[in-house]
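Hydrogens, waters and symmetry mates play no part in the numbers below; they use all other heavy atoms, side chains included. Remember, it's 1-based here, ligands and their atoms both numbered in the order they're listed.
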Amino acid sequence: AGATAAAPRHETLAALREGYQHFDPRAYLQNNYLPPRADFSSEEFVVPWKLRCLAETFASGEIHGRTLIDVGSGPTIYQLLSACDHFEEIVATDYLAVNREELGRWVRGEPGTFDWSPFIQHVCKIEGRGEPWQEKERRLRDRLSRILPIDVHRPDPLGAPLRPPADALLSAFCLEAVSPDRAAFARALAHVGSLLRPGGHALLLGALGESFYLAGAARLPVVPLAEDDVRTALTGAGFALRDFRSYAMPPALRTGVDDVDGVFFAHAQK
Ligand SMILES: C[S@@+](CC[C@H](N)C(=O)[O-])C[C@H]1O[C@@H](n2cnc3c(N)ncnc32)[C@H](O)[C@@H]1O
Ligand SMILES: O=S(=O)(c1ccc2c(c1)CN[C@@H](CF)C2)N1CCSCC1
């Protein structure tokens, strides 16, 4: 079928899906979650900025409930470190079995998994409660109870409605990295919004101005977003914007693994 304003050509989505068959979780983790990007030495670097956005938002106490769903978790858990104190159940999701398996190995504490302790230690430090990082790690492992397949291009991304719907939704660097264009990004956001209860909170983190990224043999296309594209997609998906912040990627963190210009953090309510 030909491309229409409403939907991209099926081949475009098929090409994206094929590209993700070459996604290497360990290469992805190395590219983004080890130095130089995993630099905690200055508040000016992206990791402290991003973790602070999440810690401050959850510290308000406004966002809590039974279930938080993380859309497109990939092989990462850093994005859940502040959330896990405020929800009894964390549901991680990803399109690829290799990522779901990587997450499962971390949850079970198996040897050889990625060392998230620098991230956990930093979050405990900025949360300022003097919590031993091993306790935070244990709590997330205990609460990360489901790791499900997801496809955000489906109106029902999990294949069936989440019952009960999630009280909160989090997604980091997923929607723009799996959408061929802005319309598909906006549709994917509406699809995942259906997993959230009315009045539920959505926390989105993502890339600004990015057109590709590398993950081992995979070179994945990304729809380059401007801040207003994110705002427009959120309001179009029925969300009320509560907070929006952005961060310009410094030259030292432009390492060739992608062409990201900046990072956005959006807090919205359904
Ligand atoms: C750039 S990674 C983001 C990973 C992680 N959330 C982070 O913060 O680094 C994008 C993720 O989206 C997943 N993905 C690919 N296609 C998808 C789809 N159609 N629906 C949902 N997730 C998808 C990939 O497997 C990958 O784990
Ligand atoms: O901003 S990051 O450097 C980062 C983290 C992940 C990604 C990108 C950037 C850009 N490319 C994305 C591809 F989708 C994935 N960062 C890595 C350390 S923790 C905070 C987030």
**Prompt:** Do Phe264 and Tyr247 make the cut of ring centroids closer than 6.0 angstrom?
**Reply:**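 They do not qualify: ring centres at least 6.0 Å apart.
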With heavy atoms of [X] as the reference, note each atom of ligand 1 found under 4.0 Å away.
X	value
Ile150	20 (N), 21 (C)
Gly74	4 (C), 27 (O)
Cys174	12 (O), 22 (N)
Tyr33	7 (C), 8 (O), 9 (O)
Tyr78	7 (C), 8 (O), 9 (O)
His153	19 (N)

Nearest protein heavy atom to [atom], by residue and atom, and its distance?
atom	answer
atom 5 (C) of ligand 1	Ser73 O, 3.1 Å
atom 3 (O) of ligand 2	Arg37 CD, 3.3 Å
atom 17 (C) of ligand 2	Asn32 O, 3.0 Å
atom 6 (C) of ligand 2	Tyr33 OH, 3.4 Å
atom 21 (C) of ligand 2	Lys50 CD, 3.5 Å
atom 19 (N) of ligand 1	Asp151 OD1, 3.0 Å
atom 20 (N) of ligand 1	Val152 N, 3.0 Å
atom 15 (C) of ligand 2	Tyr28 OH, 3.3 Å
atom 10 (C) of ligand 1	Phe173 O, 3.5 Å
atom 11 (N) of ligand 2	Glu210 OE2, 2.7 Å
atom 23 (C) of ligand 1	Tyr95 CB, 3.3 Å
atom 15 (C) of ligand 1	Val178 CG1, 3.3 Å

Mind listing the closest non-hydrogen atom pair of [X] and [Y] along with its distance?
X	Y	result
Leu208	Ser246	CD1-CB, 4.0 Å
Gln21	Leu96	NE2-CD2, 4.1 Å
Asp156	Ala160	OD2-N, 4.1 Å
Lys270	Ser194	NZ-CA, 3.9 Å

So which bit of [X] gets within less than 4.0 Å of ligand 1, heavy atoms only: side chain, backbone, both or neither?
X	answer
Asn99	side chain
Thr76	side chain
Asp94	side chain
Ala188	neither
Tyr20	side chain

For [X] and [Y], which I'm curious about, is there any donor-acceptor pair between the side chains at under 3.5 Å?
X	Y	result
Asp70	Ser73	yes
Thr76	Gln79	yes
His191	His153	no
Tyr95	Tyr20	no

**Asked** Non-hydrogen atoms of Glu176 versus ligand 2: any pair closer than 4.0 Å?
**Response**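 No; Glu176 lies far enough from ligand 2 that no heavy-atom distance drops under 4.0 Å.
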**Request:** Would you sort out whether Asp167 and Arg197 count as a side chain to side chain contact (heavy atoms under 4.5 Å, CB included), showing the intermediate values?
**Result:** CA-CA 6 Å; Asp167 297 299; Arg197 70 165 171 79; 3.0 Å; yes
**Request:** Provide the number and element of each atom of ligand 2 under 4.0 Å from a heavy atom of Val263.
**Result:**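 Close to Val263: 1 (O).
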**Request:** Heavy-atom contacts with Met249 under 4.0 Å: which atoms of ligand 2 show up? List them by number with element.
**Result:**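 So the atoms of ligand 2 that pass are 1 (O), 3 (O).
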**Request:** Specify whether Phe87 and Phe58 have parallel, tilted or perpendicular ring planes, treating 30° as the upper limit for parallel and 60° as the lower limit for perpendicular.
**Result:**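 Judged by the thresholds at 30° and 60°, the geometry between Phe87 and Phe58 is perpendicular.
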**Request:** Looking only at distances, please establish whether an N/O atom of ligand 1 is found under 3.5 Å from an N/O atom of Gly72.
**Result:**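 Such a contact does occur with ligand 1.
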Of [options], which has the heavy atom at the shortest distance from [atom]?
atom	options	result
atom 16 (N) of ligand 2	Leu214, Val47, Leu29, Val46	Val46
atom 4 (C) of ligand 2	Phe173, Tyr247, Phe212	Phe173
atom 9 (O) of ligand 1	Phe23, Tyr28, Tyr213	Tyr28

**Request:** Kindly confirm or rule out an N or O of Tyr78 lying under 3.5 angstrom from an N or O of ligand 2.
**Result:**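 No; the residue has no nitrogen or oxygen that sits under 3.5 Å from a nitrogen or oxygen of the ligand.
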**Request:** Give yes or no for whether the N/O distance cutoff of 3.5 Å, strictly under, is met between Asp258 and ligand 2.
**Result:**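 Yes; the residue has a nitrogen or oxygen that sits under 3.5 Å from a nitrogen or oxygen of the ligand.
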**Message:** Run the side chain to side chain contact (heavy atoms under 4.5 Å, CB included) test on Val192 and Leu169 for me, step by step, so that the C-alpha distance in whole Å, both residues' side-chain angles and the decisive distance to 0.1 Å come before the verdict.
**Reply:** CA-CA 8 Å; Val192 301; Leu169 178 150; 4.1 Å; yes
Examine distances only and state if a side-chain atom of [X] and a backbone atom of [Y] form a donor-acceptor pair shorter than 3.5 Å.
X	Y	value
Thr235	Arg231	yes
Arg254	Asp261	yes
Gln269	Gly199	yes

**Message:** Do Phe40 and Tyr33 sit in one hydrophobic cluster, given that two such residues count as connected whenever their side-chain heavy atoms are within less than 4.5 Å of each other, even indirectly?
**Reply:**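 Same hydrophobic cluster.
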**Message:** Heavy-atom pairs closer than 4.0 Å: do any link ligand 2 to the side chain of Ala177, the backbone, both, or neither?
**Reply:**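 Just the side chain.
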**Request:** Assess whether side chain to side chain contact (heavy atoms under 4.5 Å, CB included) is satisfied between Glu137 and Trp106, documenting all intermediate values.
**Result:** CA-CA 10 Å; Glu137 181 180 62; Trp106 182 82; 3.9 Å; yes
**Request:** Dump the intermediate steps for side chain to side chain contact (heavy atoms under 4.5 Å, CB included) on Thr57 and Phe265, then the final yes or no.
**Result:** CA-CA 10 Å; Thr57 301; Phe265 169 77; 3.2 Å; yes
**Request:** Measure from NZ or CZ of Arg26 to the centre of the six-membered ring of Phe114 and say whether it is under 6.0 Å with the direction within 45° of the ring axis.
**Result:**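 Arg26 over Phe114 ring: no.
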